[in-house]
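Below is one structure, written out as structure tokens; comments come after it.
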Amino acid sequence: MTVRRQIEQLLAAALAAAQADDRLPAIDTDDLGVERSRVKEADFSSTLPMRLARAVGAAPRDIAATIVDSIAPSPMLAEVSVAGPGFINFLLADAWLAERIAEILESGTAFGRSDAGAGRRVQVEFVSVNPTGPLTVGHGRGAVLGDVLARVLDATGHAVQREYYVNDSGNQVRLLGASMYSHYAAEFDVEVAFPAGGYLGDYVVDWARAIAAEEGRRFLELAEDDAVDEFTRLGIELALGAIREHLGELDIEFANWFHESELHAAGAVTGAIDRLRDRGHVAEREGAVWFVHGDEGDDSENVLVKRTGEPTYLTTDIAYHRNKFEEREFELVIDILGADHHGHAPRMHAAMDALGIPRERLTYLICQMVHVVVEGIPVKQSKRAGDFELFSQLVADVGPDATRYHMLARAADSQMEFDVDLARSQTEENPVHKIRYAHARIASILRKAADQKIDTAEADLSLLTEAPELDLIRTMLDYPELLDSAGRTLEPHHLPHFALNLAGQFNSYYHVHRVISEDKERTRARLQLVSAVKQVLANILGLMGITAPERMVREAEAEAETGA
RNA sequence: GCGCUCGUAGCUCAGCGGAUAGAGCACUGGUCUUCGGAACCAGGGGUCGGGGGUUCGAAUCCCUCCGGGCGCGCCA
């Protein structure tokens with residue numbers, strides 16, 4: 001149980017006691033307003049008295065005093081007081097704090113994890129980039145966000161599935177096929193018109209050439225339509241291969257790759273239209289079939305089936321989501337979308353209503369754009385022009401750890417700048433480096449202790465009395481709370497900030513206080529403290545998918561070693 | 001024009017109803033040579049885009065204006 005929960009229980013009991021003997025009127029409150037305190041005199045504060053003031057008809061400070069009188073003594077609390085306009089302040093006891101180290105070490109990798117999600121089936125669908133080319137850095141942001149979100153949900157007790165939706169039908173992939181076919185034919189001096197709006201990236205030429213080299217001119221024997229079919233199939237394969245490979249460099253893997261073509265094959269798309277028609281949400285006019293719903297004013301009608309008889313993207317996506325909820329019975333689905341597709345979310349929510357599926361079960365997280373900055377100059381990204389910044393380039397340049405950290409450190413709904421020079425940096429101006437280095441530093445201290453045959457199994461934790469030591473423990477105890485909140489709000493961007501803060505606190509502590517000293521007893525206690533910090537750093541880095549090294553080797557040293 | 005979103009320190013960003021608004025970097029001044037100096041300590045720096053409203057209390061909620069981004073296809 002988190003510390004906050006424990007304090008809430010003490011407070012709830014005190015309120016009930018005060019109400020039982022009529023010192024306070026019986027008023028129901030669902031929120032006790034207990035939060036980490038912003039003032040240094042307290043660890044936790046409750047705003048309950050101020051919340052109650054109006055209903056009770058008394059001054060907040062008086063209510064606070066009444067409640068404080070009823071709070072049962074607890075070994076965890078050093079002091080409970082009334083402060084400011086009517087806060088109840090809770091100060092944790094030093095001895096109690098010190099003892100938490102044992103709990104953290106005992107929990108180990110499980111420290112912070114919870115079963116708050118109660119095994120609920122959740123799907124996180126992310127990336128889902130059209131298989132028409134490699135990932136851009138913008139896609140990469142969604143990839144990291146989705147992956148870490150899945151990790152967070154798993155750590156908070158959900159049954160999580162990661163899924164990639166492959167749009168392997170329709171115009172876009174066919175356009176890729178046609179673009180490749182044109183380049184392919186050119187290899188044999190046969191001119192095939194490049195399609196309007198075709199794909200311009202260099203990779204299209206590369207792929208076409210590779211096929212020409214491997215397969216020869218046999219596709220030229222086919223009718224153009226059939227040849228484009230073949231190239232579409234090959235293009236999808238190549239694109240997915242590249243995407244899979246580049247995600248793999250960040251250890252991002254999907255449990256399921258769901259192909260749009262499966263929906264068509266199973267008749268799920270026409271099934272979805274029938275379903276909407278049954279529920280009175282379909283109209284036919286102008287040769288097209290329309291989805292009619294009450295939302296969005298002017299946008300309350302959308303085409304389901306084009307005049308050509310083909311379903312639109314919206315229609316297959318409705319079928320797809322029906323499959324998620326009705327066939328596969330996910331309780332909650334989280335879709336991560338790029339900002340350029342955010343307009344899709346309200347339509348899908350309208351579709352959920354129309355299908356009779358509660359719209360709260362479908363959450364869209366919108367990922368805003370990423371501006372890559374190199375030497376202070378923004379790198380222009382334009383997929384159309386073919387000179388876009390590739391995600392794989394970025395990862396190759398700054399490494400998976402820095403990529404993950406910096407992508408994660410900003411709230412999804414803010415645009416972000418990715419400073420390549422900072423991310424590349426191997427000094428402590430780079431936050432990722434600082435955190436990983438703190439972990440390695442502790443590992444180094446523990447190695448030294450082991451060399452000196454210091455037994456760390458038993459320690460008198462009450463010897464941890466220095467303010468920075470107790471503050472480190474306080475920070476570590478915030479970790480379960482942080483994780484829980486990240487799981488509820490779906491906002492993993494707090495993780496990197498927490499890790500940076502803990503690493504910074506440790507750095508300050510270790511510079512002032514020697515862990516290994518002549519004082520054997522204190523040494524053992526501090527080694528346990530420092531082990532706990534290492535554990536928490538490892539846990540949070542693991543959650544972000546960032547490596548936690550036992551030692552760090554400078555690039556210069558690494559070169560010297562391999563050179564020698 | 002309509003919709004979504006962002007506007008907080010010189011820069012990049014947290015905070016999103018509570019008590020003197022925070023971090024990293026940058027800047028200034030110190031400490032100094034390590035249990036890994038790939039530092040640490042201290043300090044300066046903010047009309048929380050402007051205005052109005054709700055509230056005991058607003059960076060946080062509502063309205064409005066200004067500015068940036070993204071959408072508004074029988075594309076996906």
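We name chains A, B, ... by the order of the sequence lines, and we start the count at 1 in each one.
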Heavy atoms from C-beta onward define the side chain here; which of [options] lies closest to that of [X]?
| X | options | value |
| --- | --- | --- |
| A:H433 | B:A38, B:C13, B:C70 | B:A38 |
| A:Q368 | B:U5, B:A38, B:C74 | B:U5 |
| A:E260 | B:C13, B:G69, B:A76 | B:A76 |
| A:H342 | B:A38, B:A76, B:C4 | B:C4 |
| A:H341 | B:A76, B:C74, B:G69 | B:A76 |

Atom pairs under 3.5 Å: protein N/O with N/O of nucleotides 19-24 of chain B:
| from | atom 1 | to | atom 2 | distance (Å) |
| --- | --- | --- | --- | --- |
| B:A19 | OP2 | A:R38 | NE | 2.8 |
| B:A19 | OP2 | A:R38 | NH1 | 3.3 |
| B:A19 | N6 | A:S37 | OG | 3.0 |
| B:A19 | N6 | A:S45 | OG | 2.4 |
| B:A19 | N6 | A:N89 | OD1 | 3.1 |
| B:A19 | N1 | A:N89 | OD1 | 3.3 |
| B:A19 | N1 | A:N89 | ND2 | 3.2 |

What integer number of Å spans the [atom1] atoms of [N] and [M]?
| N | M | atom1 | answer |
| --- | --- | --- | --- |
| B:G10 | B:C27 | P | 15 Å |
| B:G45 | B:A9 | P | 15 Å |
| B:C62 | B:G30 | P | 49 Å |
| B:G73 | B:A59 | P | 39 Å |
| B:A39 | B:C25 | C1' | 16 Å |
| B:G69 | B:U8 | P | 15 Å |
| B:C66 | B:A23 | P | 35 Å |
| B:A21 | B:C48 | C1' | 8 Å |

Look at the side-chain N and O atoms of [X] and state whether any lies under 4.0 Å from the OP1 or OP2 oxygen of [N].
| X | N | result |
| --- | --- | --- |
| A:N130 | B:A76 | no |
| A:S508 | B:C41 | yes |
| A:H406 | B:C13 | no |
| A:R441 | B:A38 | no |
| A:S414 | B:A14 | yes |
| A:H494 | B:G15 | yes |
| A:Y510 | B:G37 | yes |

How is [X] classified with respect to the nucleic acid when contacts are heavy atoms under 4.0 Å: base, sugar-phosphate, or nothing?
| X | answer |
| --- | --- |
| A:Q415 | base |
| A:D419 | nothing |
| A:M50 | base |
| A:D317 | nothing |
| A:E286 | base |
| A:A288 | base |

Starting at [atom1] of [X] and ending at [atom2] of [N], how long is that distance when rounded to a whole Å?
| X | N | atom1 | atom2 | answer |
| --- | --- | --- | --- | --- |
| A:E301 | B:C72 | CD | P | 18 Å |
| A:R61 | B:G18 | CZ | C1' | 15 Å |
| A:Y437 | B:A38 | OH | C1' | 5 Å |
| A:E310 | B:G73 | CD | P | 18 Å |
| A:Q505 | B:C41 | CD | C1' | 16 Å |
| A:L490 | B:C16 | CG | C1' | 16 Å |
| A:M552 | B:G37 | CE | P | 13 Å |
| A:D413 | B:A14 | CG | C1' | 12 Å |

Sub-3.5 Å donor-acceptor pair from the side chain of [X] to the main-chain atoms of [Y], do we have one?
| X | Y | answer |
| --- | --- | --- |
| A:Y510 | A:V515 | no |
| A:D335 | A:Y364 | no |
| A:R4 | A:F44 | no |

Go through the steps for A:T523 and A:T456 under the test side-chain contact (heavy atoms from CB on, under 4.5 Å), then give the verdict. CA-CA 9 Å; A:T523 296; A:T456 57; over 6 Å; no
Is it the case that the base of B:G37 and the side chain of A:H511 share a donor-acceptor contact (distance under 3.5 Å, atom types as modelled)? no
Do you see a donor-acceptor pair shorter than 3.5 Å between the side chains of [X] and [Y]?
| X | Y | answer |
| --- | --- | --- |
| A:H293 | A:N302 | yes |
| A:T132 | A:Q172 | no |
| A:H264 | A:S261 | no |

Should the ring pair A:Y509 and A:F506 be called parallel, tilted or perpendicular, given that the plane angle runs from 0 to 90° and is split at 30 and 60? tilted
Locate the shortest heavy-atom distance separating A:R141 from A:A411; write the atom from each residue and the value. NH2-O, 2.8 Å
Start at the 5' end of RNA chain B and walk down; is the nucleotide closest to A:S517 or to A:V512 reached first? A:S517
5′-ward residue of the pair A:T47/A:R551 relative to RNA chain B: A:T47
Just checking A:R551: does its CZ atom have more than 12 heavy atoms from other residues, nucleotides or ligands closer to it than 6.0 angstrom? no
Run through A:S45, A:S81, A:S46 and flag the one making a side chain to side chain donor-acceptor pair (under 3.5 Å) with A:N89. A:S45
Can you tell me the pairing partner of [N] across any strand shown, Watson-Crick or G-U wobble, with both distances under 3.5 angstrom?
| N | value |
| --- | --- |
| B:A59 | none |
| B:A38 | none |
| B:G73 | none |
| B:G67 | B:C6 |
| B:A23 | B:U12 |

side-chain contact (heavy atoms from CB on, under 4.5 Å) evaluation trace for A:V536 with A:F498: CA-CA 11 Å; A:V536 176; A:F498 178 90; 4.3 Å; yes
Pairing of A:E125 and A:K324 as salt bridge, 4.0 angstrom limit: yes
I'd like to know if A:D421 pairs up with A:R424 as an ion pair, taking the criterion as any Lys NZ or Arg NE/NH1/NH2 lying under 4.0 Å from an Asp or Glu carboxylate oxygen. yes
Go through residues 51-60 of chain A and report each residue with a non-hydrogen atom lying under 4.0 Å from RNA chain B, sorted by number. A:R54
